[in-house]
Amino acid sequence: MPSMAPLSGGSKDGTGPGGGAGLPFGGRFGPPDGGSSGGDAAGKRKAASALPEARGNKRQAILDQRRALPISSVEGELVNLVKKNDTLVVIGETGSGKTTQLPQFLHAAGFCKGGMMVGITQPRRVAAITVATRVAEEMGVEVGKEVGYSIRFEDCTSASTQLKYMTDGMLLREALLDPLLSRYSLIVIDEAHERTIHTDVLFGLLKGVQKRRQAASTASTSSKQKAPKTGDSLKDLQSLLATSNTPAVKKISPLKLVVMSATLDTKGFCEYFNGAEAVYVQGRQFPVEIFYTFTPEADYLDAALLTTFQIHLEETPGDILLFLTGQEEIESMERLLKERASHLSQNVQKLLVVPIYAALPSEQQMRVFQAAPEGTRKVILATNIAETSLTIPGIRYVIDPGLVKARAFNPRTGVESLEVVPVSKAQAQQRSGRAGREKPGKCFRLYTEDLFTKLVATTVPEIQRCNLANVMLQLKAFGIDDVLGFDFMDKPSRISIVKSLEHLYSLGALTDEGKLSDPIGVRMSRFPLEPMYAKAMLISCDMGCSEEMLATVSMMSVDSVFYAPRDKLQEANNARKRFISVDGDHITFINVLRHYIQEAEEAGAEAGEGEGTSSNSSANENKKAFKRIRSWCSANFINARSLRRAVDIQKQIRGYVEGMGLKITSCGEDMLSFRRCLAASFFLNAARRQLDGTYRALSSGQSVAIHPSSVLFGKKPDCVVFNELVRTNRSYIRNITQVDSLWLPELAPHYYAAQGVGTPSQQQS
DNA sequence: GAGCACTGC
């Protein structure tokens, strides 16, 4: 393709504020290297008024906006390339319009004919919703009709849907039910550079689907051909293709694939997709000047503080975005900045400090989107959440200390930890790009240019740094038995795969031959849960306490529901007391969920009592109920967002259980039965108290301690099961329930030697 | 007596 000019670059010749010239903290920064980049999907725009006249104007405005996008000048070429290639790699920089426009081009070119769909995956739920909404608006249709989206808990599509935006995890789910993705003519994997675990699994899977649909379509044209050769890892699906559903399969057309990425790291993608062609689409991003420090900073927090005031006192208006590693760091920086800002002289503009991180309650998160008052500069203290997940308007200055808190995972021990590590080059570029969304901006990297060149190019893909039990279960469910030979773009370590297979085997999900067991493994793979929780649901159905386990796995699947701000710790602990069970955290969580649901029901009933005839009054009643629940949450120091999510999950899992023909039953007050069920479910995570008072995890033999946030902290139970093993200063277990040590060999005899619970009967290594 | 980046089904 005569393609498409290179992406717009940063300025090469800017003179930096640091360059030595008269700054209060001068001499800190060297000259710019002129880089700029980064970006995310198209943002949400305001819906226009519904007045006919305004609507006409709106349509014209939309058309103008679409035509102005860099991608629209190459529509014809792009469509031809898609037609010509089975797989096409599209590199589109920020603001190119690829996410909203390319699917519309494909729609116009006839890829949705004959009831077929174009599917577009996104790593995040919000992106799927906002982009689908925008595209529907541009096409002048209602969301959910021709253009729809599908995310967990919300399917906004219909029989007439032709462009379907969805989370990557959702497409994986769909592939379980329809292994050939027979309703799709083309799949677009967007934001492929983010390399989420779902995206990476999809890569391998879709390559397989392409192969089989190719085979099916040529088989149907060249008439008879025997079942495809077996012997490769996909033989199960191939035989499925050969035996079942024959008429439909014969008609199937080949599957096209478009992989869209924001980085220039095309080589890896093209090689992986069998030498696929790549095209570049120019972006539209303002230049961002990059500054480095001349020497390494001993204390990056101090350097960040000084740089903030340097910008504040010397630079033109525009808000500042400072990247920090976590909540604690943000809170202390907030205090420091506020303290220093209070000493600013009267004739200097004010500084407004706003924190944002995922655990912050939503009302407080919203503050970053409010414009600062006249004559005030806003400084936003953010975690990685501001890197991709949300775009904050008004940012012209980015301060990047070059560090990030990332999850690490030791496959040998199964221990997870969070560690502060240097960012990758791609991440640093993504961060600096945040300064050039609306106007030219500046990015101050609190490290030397030499150090930048030594950073790794891209972040290690998620699939290489987390627990793979779920992924392996899904692959087995797809009929891929040879998981070690699966076509990963970046293969996880062998030990990591083997360990997760052992884990699945211990749970009974795999047979001695390593195949998915039926019905246990098959059922487990259907649940949108960690394998251990999926198994727990199945066991609890046999043990008569599935209602309690349903509440437990729902609560275990969300972020901590207890919200304890540092300054109100005592109050929060007191509030928690009313929910506590002496048996442990699991039953405590069940109590929280039950109280919440009861409160919500009462609030709903109270609202219903005063129900009037007008919809207005019922809306008010809803608002009242909502308010009551929210104040109940804050009075009890409970994170409302987490609990709402737990309720959603509970509802969804209940549906799955019932769909399998299993019964949800409660054991009532018989918590002994429920604790036995917890022991039977979580036997892989058991720990026993040693003579010296420490605890020993039975499966790995490592020494662990009960986390102080557990209700069993300081209670010295003899034997416990737990759900989380996290390493910080030492190894802590969290979410714990007391069990009788004799239950373990009784309920998990295949794992624990019958004579006792000193050690498991296998897996000693 | 400690501390939890961010997503997703």
Side-chain angles (χ1 to χ4, degrees), chain A residues 40 121-128 150-155 166-177 191 194-202 323-332 356-360 382-390 403-408 416-421 423 427 430 459 462-463 465-466 470-471 473-474 477 524-531 533-534 553 557-566 569-570 572-573 639 642 645 648-649 652-653 656 705-710 712-715 724 726-735:
Chain A
D40 60 338
T121 71
Q122 296 291 326
R124 281 171 292 280
R125 295 159 50 94
V126 242
S150 173
I151 58 176
R152 188 180 188 180
F153 308 130
E154 200 183 346
D155 182 6
M166 62 191 121
T167 44
D168 44 16
M170 212 59 205
L171 183 60
L172 272 180
R173 284 275 143 196
E174 256 190 73
L176 271 180
L177 302 174
E191 313 290 357
E194 289 195 27
R195 304 292 304 275
T196 70
I197 198 161
H198 291 145
T199 293
D200 271 23
V201 174
L202 272 178
F323 283 100
L324 295 168
T325 61
Q327 175 177 349
E328 217 172 52
E329 207 170 84
I330 286 174
E331 282 172 352
S332 74
I356 182 151
Y357 44 88
L360 199 68
T383 60
N384 249 13
I385 195 170
E387 205 175 279
T388 49
S389 301
L390 42 97
L403 296 168
V404 64
K405 199 179 277 188
R407 169 163 291 160
E416 288 184 344
S417 56
L418 283 167
E419 276 159 30
V420 174
V421 296
V423 296
Q427 251 181 318
Q430 174 74 20
T459 310
E462 193 183 5
I463 202 155
R465 52 186 169 92
C466 70
N470 211 358
V471 168
L473 183 63
Q474 297 303 316
M524 280 171 66
S525 72
R526 292 299 187 250
F527 284 111
L529 290 172
E530 285 303 310
Y533 296 147
V553 301
S557 301
V558 299
D559 288 338
S560 173
V561 293
F562 292 114
Y563 174 72
R566 177 194 285 241
L569 203 59
Q570 196 51 48
N573 282 339
N639 185 330
S642 294
R645 214 179 128 75
D648 281 342
I649 292 173
Q652 189 187 33
I653 303 300
Y656 275 97
I706 293 180
H707 195 277
S709 67
S710 170
L712 292 182
F713 179 77
K715 299 278 191 274
E724 248 191 302
V726 186
R727 174 145 195 99
T728 52
N729 290 326
R730 55 195 292 197
S731 293
Y732 285 106
I733 51 175
R734 304 198 316 176
N735 300 336

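Only this structure's heavy atoms are used, side chains among them; waters, hydrogens and symmetry mates stay out. By convention in this document, chain letters (A, B, ...) are assigned in the order of the sequence lines, proteins followed by strands, and residues within each chain are numbered from 1.
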Between [options], which nucleotide gets closest to the side-chain atoms of [X]?
| X | options | answer |
| --- | --- | --- |
| A:Ile385 | B:dC9, B:dG3, B:dT7 | B:dT7 |
| A:His707 | B:dA2, B:dC9, B:dA5 | B:dA2 |
| A:Arg124 | B:dG8, B:dG3, B:dC6 | B:dG8 |
| A:Arg734 | B:dC9, B:dA5, B:dC4 | B:dC4 |
| A:Thr728 | B:dC9, B:dG3, B:dA2 | B:dG3 |

In whole angstroms, how far is the [atom2] atom of [N] from the [atom1] atom of [X]?
| X | N | atom1 | atom2 | answer |
| --- | --- | --- | --- | --- |
| A:Tyr732 | B:dG3 | OH | P | 5 Å |
| A:Arg125 | B:dC6 | CZ | C1' | 15 Å |
| A:Leu712 | B:dG1 | CG | C1' | 15 Å |
| A:Arg195 | B:dT7 | CZ | C1' | 16 Å |
| A:Phe713 | B:dA2 | CZ | P | 7 Å |
| A:Ile356 | B:dA5 | CD1 | P | 14 Å |
| A:Phe323 | B:dA5 | CZ | P | 15 Å |
| A:Arg152 | B:dC9 | CZ | P | 7 Å |

Hey, does the side chain of A:Thr167 come within less than 4.0 Å of B:dC9's phosphate (OP1/OP2), counting only N and O?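 It does, given that an N or O in the side chain of A:Thr167 lies less than 4.0 Å from OP1 or OP2 of B:dC9.
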Applying a 4.0 Å non-hydrogen cut-off, can you work out what [X] is touching in the nucleic acid: base, sugar-phosphate, or nothing?
| X | answer |
| --- | --- |
| A:Ile197 | nothing |
| A:Arg730 | nothing |
| A:Leu418 | base |
| A:Thr196 | nothing |
| A:Phe527 | nothing |

No-hydrogen, no-angle side-chain donor-acceptor test under 3.5 Å, A:Glu194 and A:Thr196: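 The answer is no; no qualifying pair exists.
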For A:Asp155, what residues pass the side chain to side chain contact (heavy atoms under 4.5 Å, CB included) criterion, not counting sequence neighbours?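 With neighbours one apart ignored, the set is A:Ser150, A:Thr157.
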Ring geometry between A:His707 and A:Tyr732 (parallel below 30°, tilted from 30 to 60°, perpendicular above 60°): perpendicular
Got a sec, which residues hit salt bridge (Lys or Arg N to Asp or Glu O under 4.0 Å) with A:Arg195, two or more places apart in sequence or on another chain? A:Asp200, A:Asp490
Given that A:Pro708 and A:Gln327 both sit by DNA chain B, which one's nearest nucleotide is further toward the 5' end? A:Pro708
Quick test of your reading of the model: are A:Glu328 and A:Lys405 salt-bridged, counting only N-O distances below 4.0 Å?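 No, this pair does not count.
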